[in-house]
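Report on the following structure.
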Amino acid sequence: MRKLTDILEERISAAMGAVIGKNAPALVRPAADAKFGDYQANGMMAAAKQVKTNPRQLAENVVAAMEIADICEPPEVAGPGFINLRLKDSFLAERLLGIYRDAERLGVDKAETPKIVVVDYSAPNIAKQMHVGHLRSTIIGDCIARLYDFAGHTVIRQNHIGDWGTQFGMLIAYMKAQYPHLLDHPASAQIADLEAFYQNAKQLSDDNESFAKQARQEVVQLHNHYPETMAIWKQIVDQSRQHYQPIYESLNITLTADDERGESFYADQLADVVAELKVKGLAVESDGAVCVFPEGFKNKDGQPLPFIIQKSDGAFLYATTDLAALRFRVQDLKAETVIYVTDARQALHFQMLFAAAKMAGWVDERITLEHVTFGTMLGADGKPFKTRTGGTVKLKDLLDEAVERAKAVVEEKNPDLPAEQKAQIARAVGVGAVKYADYANNRNSDYVFSFDRMLSLDGNTAPYMQYAYARIKSIQRKAAGKEVDIQNELNGLSALLLTEPAEKDLAKLLVRYDQAIAAATEEYRPNYLTSYLYDLAQAFSRFYTACPVLTAQAPHRPTRLLLCDLTARTIRHGLSELLGIEVLDQM
Ligand code: ARG
């Protein structure tokens with residue numbers, strides 16, 4: 001179904017064209033305040049300026065020329081020249097029915113021009129525990145990938161894991177010293193605690209010069225693909241994967257092992273990247289290092305800022321790998337859009353990367369590059385989130401605690417459920433709460449992590465949304481228990497009758513789902529989706545308070561049953577398909 005704002009935009013722009021003799025955007029948006037109507041056209045002021053006329057007068061003339069009576073009540077002109085639009089009940093009812101019948105997509109069209117979209121997210125570093133920074137990249141990136149999937153694009157997920165670099169020298173040397181049996185029986189590899197493993201290896205290489213020397217040799221051997229060295233390296237990577245893959249699973253993250261294309265994949269392309277940039281005259285020596293100086297980047301003294309791609313000892317850097325990865329994504333994966341999801345501290349790195357790739361001619365104006373950033377997760381003290389002893393919070397511990405605390409919520413709501421079911425609900429609520437609390441924030445802001453707030457049944461939280469869903473499901477169970485097949489009752493429906501204000505308010509939100517998805521997709525902002533879902537759940541609650549459903553007579557009853565069902569399906573779709581948060585039929 002075409003977006004309602006697009007239809008309105010087209011109609012009003014046509015009227016503007018007729019009035020001022022040239023095309024101008026009507027700028028139709030959902031109205032901020034329902035007092036003024038459902039939608040608002042804000043384009044008259046700018047258009048009036050262009051053709052030097054009075055904006056209010058222009059708005060009046062446009063309203064007179066507009067052919068919109070099949071969709072809206074007679075429009076009103078307000079303020080300096082806004083046009084306020086109110087949907088007709090008959091149009092609303094018809095559109096609602098159309099959306100209801102579009103079971104798969106709930107009235108949301110696919111993108112007109114599907115693209116190949118690479119989404120680079122999560123990217124944990126091998127042999128380290130995933131920390132809270134990776135939580136944000138992982139879940140925000142996953143929502144973006146799901147949104148682009150749903151829009152009909154070809155999404156290529158790329159997990160750019162940190163599986164290469166000089167730290168592997170010390171890890172391999174440490175492994176050889178501590179776990180020699182693994183060389184003979186690689187399948188039995190067990191690095192009990194990844195974090196301790198990494199720290200011990202690092203400690204040893206700091207303290208012990210001969211170990212450090214050994215570590216440097218291992219790096220050389222790794223770079224030259226010595227089979228024995230490669231085998232140990234692979235053990236370490238496999239062990240890490242066994243750490244993070246279950247975390248993905250419990251978080252409902254769509255990344256699989258096939259999406260992994262770590263830094264190691266590009267290792268053999270780095271020399272070529274540097275060579276190509278040298279040939280193009282873009283990479284130059286500076287203080288012994290090889291650097292690109294992308295235009296427009298200056299340090300605080302006004303000197304050109306270097307993007308260093310090779311150190312004086314010959315080593316390549318994070319930047320070099322990212323250049324190789326970007327070239328690969330464009331040239332081999334044929335990406336038309338590449339989206340990187342990392343915290344805001346990497347902003348300069350990506351700005352310089354994008355500028356360098358454009359100078360190299362790998363990326364032209366047909367290709368979109370986006371760095372989607374996010375702020376820091378804070379503790380109750382307003383400082384970056386840490387454990388009580390000041391350590392980094394392990395993601396696994398965080399999720400375990402959320403599930404543990406969610407048990408209390410379940411106990412409060414429904415103490416009589418079987419234990420098995422309570423445990424399942426606690427998992428869905430606990431993990432859902434952590435994810436939802438993150439999504440519900442403007443991703444650019446820092447936010448304070450609070451179990452109490454995210455697990456509260458009041459407010460814009462996962463448990464509130466999950467409960468709203470379960471409540472509708474329970475209404476539906478009751479309806480089905482009493483009567484004949486509701487699905488039959490609804491399928492035969494040829495028209496709806498919306499009479500009560502609370503019904504209309506709910507219906508108006510239901511027809512706006514496409515709008516919320518489009519906004520979230522275009523701006524990579526999951527919080528647009530969570531706010532919409534929260535508004536929807538609240539509108540449902542008001543509707544259900546004001547309008548009896550089960551005891552209503554025809555024609556009210558089928559209309560209301562449909563409102564219930566479509567609300568449930570919309571919440572389910574938003575939560576589970578787009579945010580990867582489980583819904584529950586009973587809570
Ligand atoms: N592994 C990196 C980190 O932990 C993130 C990688 C992001 N992706 C990229 N192509 N640089 O900070």
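Numbering of ligands and ligand atoms starts at 1, following listing order. All values below come from the heavy atoms of this structure, side chains included, with hydrogens, waters and symmetry mates left out. Remember, predicted model here, so these are calculated numbers, not experimental data.
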Can you find a heavy atom in the side chain of [X] that is under 4.5 Å from one in the side chain of [Y]?
{"X": "Glu285", "Y": "Val290", "value": "yes"}
{"X": "Trp164", "Y": "Tyr266", "value": "no"}
{"X": "Met454", "Y": "Thr461", "value": "no"}

Ligand 1 N/O within reach of [X] N/O, cut-off under 3.5 Å:
{"X": "Arg329", "answer": "no"}
{"X": "Phe350", "answer": "no"}
{"X": "His134", "answer": "yes"}
{"X": "Tyr340", "answer": "no"}

Handout entry: Of the listed options Tyr266, Tyr121, Tyr318, closest to atom 6 (C) of ligand 1 (non-hydrogen atoms)
Key = Tyr318
Problem - Identity of the nearest option to atom 9 (C) of ligand 1, non-hydrogen atoms only, from Asp343, Asp322, Val338 - result: Asp322
Taking the six-membered ring where the residue is Trp, are the ring centres of [X] and [Y] under 6.0 Å apart?
{"X": "Phe328", "Y": "Phe265", "result": "yes"}
{"X": "Phe451", "Y": "Phe449", "result": "yes"}
{"X": "Tyr244", "Y": "Tyr248", "result": "yes"}

Exercise for the section: Could you tell me the residue and atom name of the protein heavy atom closest to atom 12 (O) of ligand 1, and the distance to it rounded to 0.1 Å? Expected result: Gln346 NE2, 3.1 Å
Problem - For atom 8 (N) of ligand 1, the protein heavy atom that lies nearest, with its residue and separation - result: Asp120 OD1, 3.1 Å
Problem - Side-chain donor-acceptor contact under 3.5 Å, Gln129 with Thr392 - result: no
Handout entry: Thr342: numbered ligand 1 atoms lying under 4.0 Å from its heavy atoms
Key = 7 (C)
Exercise for the section: Return yes when Gln158 approaches ligand 1 closer than 4.0 angstrom through a heavy atom, no otherwise. Expected result: no
